[in-house]
Amino acid sequence: GASQSEDGEEWEAFYNVNANGNPPWGGGGVGGENTAQARYPSALASDDYPYALWNEYTGLGNGYGGQLYYSYDNIGWGEGGFTYPELVDILWDESKDLWTASPDMFYDDDTGMMAVAVSSADWTRSNNYYFRSEFVDGVVVMGEEQIIIDEQNCLVAGDASGSFNTAPMVAIDDNTGFGVMGIIGLFPGGDEGTSEISNYHQPIFKVTEDYGLTWHGPDASDD
């Protein structure tokens with residue numbers, strides 16, 4: 001479900017935003033045939049539309065078949081015209097298992113339009129993946145997945161039993177283009193007390209200065 005308000009005081013609820021009973025993959029997930037399994041919901045908003053973004057437990061592929069979907073009220077605020085769910089990762093295949101997404105919507109002053117960034121954990125590939133929109137006009141068209149914080153090569157990677165690292169979170173500022181992607185994680189060797197950096201969980205992050213198109217550092221020379 002989703003709830004939206006134009007003034008923060010009066011709210012209206014809308015149900016089955018994720019098309020429950022008619023899931024886009026045809027049913028057969030953990031809840032059985034014709035049952036959608038929406039989890040980890042997030043809300044986004046532009047001046048024109050409210051958005052819902054969530055994860056579906058589809059049971060497809062080698063893992064849990066985690067897919068990210070979004071819907072928006074294409075009639076406008078307070079109208080309840082949520083669209084049929086669309087994939088965030090339009091190149092999703094059964095090797096992927098995307099969960100616990102952190103989305104952010106912001107105004108990209110360079111292009112003069114709203115933009116969306118989404119970071120997500122992948123429970124089967126034991127890493128995290130980032131998506132940046134190429135176009136937003138109600139409909140959101142995302143680019144290919146990218147790895148910004150590489151858990152497999154830069155941290156103690158997770159496995160089937162769990163992970164030392166949290167899911168990533170992303171936030172990008174309107175107009176300036178500055179943003180941060182961060183996790184709480186463990187550097188290599190930290191699980192055995194032999195890390196040259198830290199043997200404790202640390203905030204670990206990268207920054208962008210161009211609305212999430214490129215990411216870098218920071219390092220000791222970065223103000």
Side-chain angles (χ1 to χ4, degrees), residues 18 23-25 28-31 36-42 53-70 85-104 116-133 142-172 179-208 212-219:
N18 66 319
W25 56 89
V30 69
Q37 294 286 322
R39 300 180 180 191
Y40 304 102
S42 296
L53 188 148
W54 66 93
N55 172 270
E56 289 280 358
Y57 188 161
T58 70
L60 300 175
N62 295 324
Y64 298 102
Q67 297 184 7
L68 305 181
Y69 282 89
Y70 79 93
E86 297 285 351
L87 276 170
V88 171
D89 179 8
I90 58 176
L91 299 177
W92 192 92
D93 61 46
E94 294 188 6
S95 70
K96 300 180 181 183
D97 193 14
L98 302 174
W99 292 84
T100 53
S102 169
D104 192 28
V116 175
V118 179
S119 60
S120 174
D122 189 300
W123 290 355
T124 296
R125 293 183 288 173
S126 298
N127 216 326
N128 65 82
Y129 294 85
Y130 168 76
F131 304 89
R132 167 59 158 85
S133 63
M142 304 297 279
E144 293 186 37
E145 66 179 22
Q146 304 175 53
I147 296 175
I148 306 299
I149 299 175
D150 191 344
E151 296 183 52
Q152 289 291 327
N153 294 304
C154 300
L155 305 176
V156 178
D159 55 29
S161 64
S163 176
F164 290 102
N165 311 307
T166 67
M169 299 187 71
V170 63
I172 299 173
V180 175
M181 181 188 295
I183 65 173
I184 304 297
L186 201 61
F187 287 107
D191 54 332
E192 299 176 346
T194 59
S195 173
E196 297 179 357
I197 301 172
S198 172
N199 291 315
Y200 299 94
H201 284 89
Q202 297 287 324
I204 300 168
F205 60 94
K206 288 192 174 183
V207 297
T208 179
L213 296 177
T214 62
W215 297 81
H216 65 88
D219 58 30

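Since we're looking at a predicted model, the values are computed, not measured.
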Residues F131 and G143: closest non-hydrogen pair is CD2-O, 3.7 Å
Report the relative orientation of the aromatic rings in Y57 and W99; use parallel for angles under 30°, tilted for 30 to 60°, perpendicular for over 60°.
-> perpendicular
Check: A167 main-chain N/O paired with N128 side-chain donor or acceptor under 3.5 Å | no
Test side-chain contact (heavy atoms from CB on, under 4.5 Å) applied to S120 - qualifying residues, sequence neighbours left out | L68, L98, A101
Do I183 and L155 touch side chain to side chain, with heavy atoms closer than 4.5 Å?
-> yes
Please check if the side chain of D104 supplies one atom and the backbone of I172 the other of a donor-acceptor pair under 3.5 Å.
-> yes
With no hydrogens and no angle check, is any side-chain donor or acceptor of W92 less than 3.5 Å from a backbone partner on G66?
-> yes
Heavy-atom pair of closest approach, residues P168 and A121 | CD-N, 4.0 Å
Could you tell me the separation between the CD atom of E86 and the OH atom of Y69, rounded to the nearest 0.5 Å?
-> 9.0 Å
Quick one: do V170 and T208 satisfy side chain to side chain contact (heavy atoms under 4.5 Å, CB included)? Show the steps, please.
-> CA-CA 10 Å; V170 63; T208 179; over 6 Å; no
Can you run down the salt bridge (charged side-chain N to carboxylate O under 4.0 Å, His left out) pairs that involve residues 160-172, sequence neighbours left out, and say none if there aren't any?
-> none
Look only at the side chain of D97 and the backbone of Y64, and say whether a donor-acceptor pair between them is shorter than 3.5 Å.
-> yes
Could you tell me whether the side chain of S133 and the main chain of M142 form a donor-acceptor pair under 3.5 Å?
-> no
Exam field: side chain T166 to backbone I184, donor-acceptor pair closer than 3.5 Å = yes
Side chain to side chain contact (heavy atoms under 4.5 Å, CB included) partner of D122, chosen from E151, E145, K96 = K96
Those residues that, when tested against S42, pass side-chain contact (heavy atoms from CB on, under 4.5 Å) (two or more places apart) | P103
Taking atom CG of D93 and atom CD of Q67, what is their separation to the nearest 0.5 Å?
-> 10.0 Å
Set of side-chain contact (heavy atoms from CB on, under 4.5 Å) partners for E144, sequence neighbours left out | L91
Name the orientation class of the two ring planes belonging to Y130 and W215 (parallel below 30°, tilted from 30 to 60°, perpendicular beyond 60°).
-> perpendicular
Quick one: does S102's side chain have a donor or acceptor within less than 3.5 Å of a partner on M169's backbone?
-> no
Who are the side-chain contact (heavy atoms from CB on, under 4.5 Å) partners of D159, not counting sequence neighbours?
-> S161
Any sub-3.5 Å donor-acceptor pair from N127's side-chain atoms to D150's backbone N or O?
-> no
What residue pairs, at least two apart or across chains, pass side-chain hydrogen bond (donor to acceptor under 3.5 Å, both in side chains) with a residue in residues 185-200?
-> S198-Q202
Work out which heavy atom in L186 is nearest to a heavy atom in H201; give both atom names and the distance.
-> CD1-N, 3.8 Å
Close side-chain approach of V156 and F187, heavy atoms under 4.5 Å | no
Nearest heavy-atom contact between M181 and S119 is CE-CB, 4.1 Å
